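Since the structure comes first, as C-alpha cells, the remarks are kept for the end.
Since this is a predicted model, take the numbers as computed values, not measurements.
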Amino acid sequence: MLYYLFEFLENNYDLPGARLFQYISFRAAAAIILSLLISTIFGKRIILFLQRKQIGESVRELGLEGQKEKAGTPTMGGLIIIFSTLIPVLLLSQLDNIYIILLIVTTIWMGAIGFLDDYIKTFKKNKEGLKGRFKVIGQVGLGLFVGAVMYFHPDVTVRPDNKVTTTNNIQVISETSPEEKSTTTTIPFFKNNELDYSKAISWVSEGAASYAWLIFIPIVIFIVTAVSNGANLTDGIDGLAAGSSAIIVLTLGIFAWVSGNIIFSDYLNVMNIPRSGEMTIFITAFAGSLVGFLWYNTFPAQIFMGDTGSLTIGGIIAVIAIATRKELLIPILCGIFFLESLSVILQVSWFKYTKKKSGIGRRVFLMSPIHHHYQKLGFHESKIVVRFWIIGILLAVITIVTLKIR
C-alpha cells in the first residue's frame, strides 16, 4: 500500500525521497526491520493473550528430559510469524505481482490448515489434531493451485537469453530477449544447468509438450507436501524449526533477488525471471518474523509455533523454491528438513519390516525424528539446535556456491 502511495506522490507531487520506494533493496530492508519490530513487540502480547485463554501445549509422554516442564506452554505461535510477515508485505510490496499473490495465498492457506490442527488439539483436547488425510488434502490442494498458476499464468515467464556489455565500468544491457512461458528449472552443479519438464513428455508425439502440466503440476504438489511435512517434523525442540527456516529463507532471498535482476542473472549465468525480484520483499519480511519469533522460542521456549507455524513455513519455502526455479536444490538447502523426514521414514519402515520378518519390531534410532535421538543420547536441547543451525548454514553456503560451481 505504501508502495502505491509513494509512487503516486512521486508522479504527481515530486515528493523528495518518495522514489526510494521504487527500489527493492530499500523496501526489503524496511520489511525486515518492520517484521522484526512487530514480532518482538507484539509477540509478548500474543503470548499473554494465549496464556489468558489457556491455549497451552498438551505434551505427550515421550520420556524426554525436560518434557513435563513444557506442558501448558502457549502454542499457535505461528500466528506471530504470519501477522509479522503479512503486514510488511501488504504495506511495502507490489500487491499485483503474481509471485506476491502466490505467497500471500500460500501463507493464509497453510496457516488455516495448521490453525485448524492446533485448534482441535487445544480446544477439542484431541492430541492427534486434524486427521492426516485432511492435512494432505490441504497440501495437495495448495500444490495444485500453485502448479496451475505457475504453468498457466501469463506473468510467470523467463528471459532465456540476455546480453549485458560493460563500457568504462558501466554495465549496459545491450540485448534483452522477449519473455516466454517455460517449464525449465535449474540443475545444480551442471554446466548446461537447465532442465525442461516438458521433455519428459514431448517424446511421445509432436504436440505432447503442450501437456507438460501433467508432469509439472504433480511435481509441484509433491514438493509442497514434502517440504511442509519436513518443516512440521523439524518443529520438535525449542528454536530448531524457526532458526533453520530463517537460514533457508534468507538463502532463497538471494536467489530471488539475483534471478529478478537482469544484470546479476547475466553475470552469474542464471535464469532471469521477470518480476521475481519482488519476492525479496516477502522473503525479508518472513525472515524477520522468524528471527523475531526466535526471541520467544529459544530455550526455554515461552511459546511454540504449533502446526500454525510449521506447516506455513514449509509451504512458503516450497513455493519460493519453485518460483525461483531452484526446487532441485531443496535436498541440499533444506537438508535439515530432509534429514528429519528421512529419519522418520527409516524408523517406521525398518520397524515394520523387522516386525513382519521376526515378529519383533526393531528401530534404527533411539527415537525419531532424529533430534529426539540426540536428546535420548543425553545432548541438551540448546546444543542440538545450535549444531543443526551450523549444519544449516553450511548447507546454505553450498547452495549459494552452486551459482558458480558447475
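Ring pair Tyr197/Phe216 is tilted by interplanar angle, where 30° to 60° counts as tilted. Ring geometry for Phe152 against Trp213 counts as tilted: the plane angle lies between 30° and 60°, on a 0 to 90° scale. A perpendicular orientation is assigned to the rings of Phe388 and Tyr374, their planes being inclined by more than 60° (bins at 30° and 60°).
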**OP:** Report the C-alpha separation of Gln139 and Ser228 in whole Å, then their side-chain angles, then the decisive distance to 0.1 Å, and conclude whether the side chain to side chain donor-acceptor pair (under 3.5 Å) test is met.
**Re:** CA-CA 8 Å; Gln139 292 164 336; Ser228 58; 2.9 Å; yes
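The shortest distance between side-chain heavy atoms of Thr186 and Leu329 does not fall below 4.5 Å. The side-chain heavy atoms of Ile38 and Ser289, taken from C-beta on, include no pair separated by under 4.5 Å. Between Phe351 and Lys355 there is a side-chain heavy-atom pair separated by less than 4.5 Å. Phe338 has its side chain out of reach of Ile332: every pair of non-hydrogen atoms, C-beta onward, lies at least 4.5 Å apart. Looking at heavy atoms from C-beta onward, Lys181 lies in side-chain contact with Thr157 at the 4.5 angstrom threshold. With a 4.5 Å cut-off on side-chain heavy atoms, Phe337 and Glu340 do not count as touching.
Checked against the 6.0 Å centroid threshold, Phe299 and His380 count as a close aromatic pair.
Between the CG atom in Leu37 and the CD1 atom in Ile32 there is a gap of 11.0 Å [rounded to 0.5 Å]. Rounded to the nearest 0.5 Å, atoms CD1 (Ile316) and CE (Met279) are 12.5 Å apart.
Cation-pi contact between Lys121 and Phe115: absent, since separation from the ring centre below 6.0 Å together with deviation from the ring axis within 45° is not met.
Nearest heavy-atom pair across Lys326 and Thr185 is N-OG1, 4.2 Å.
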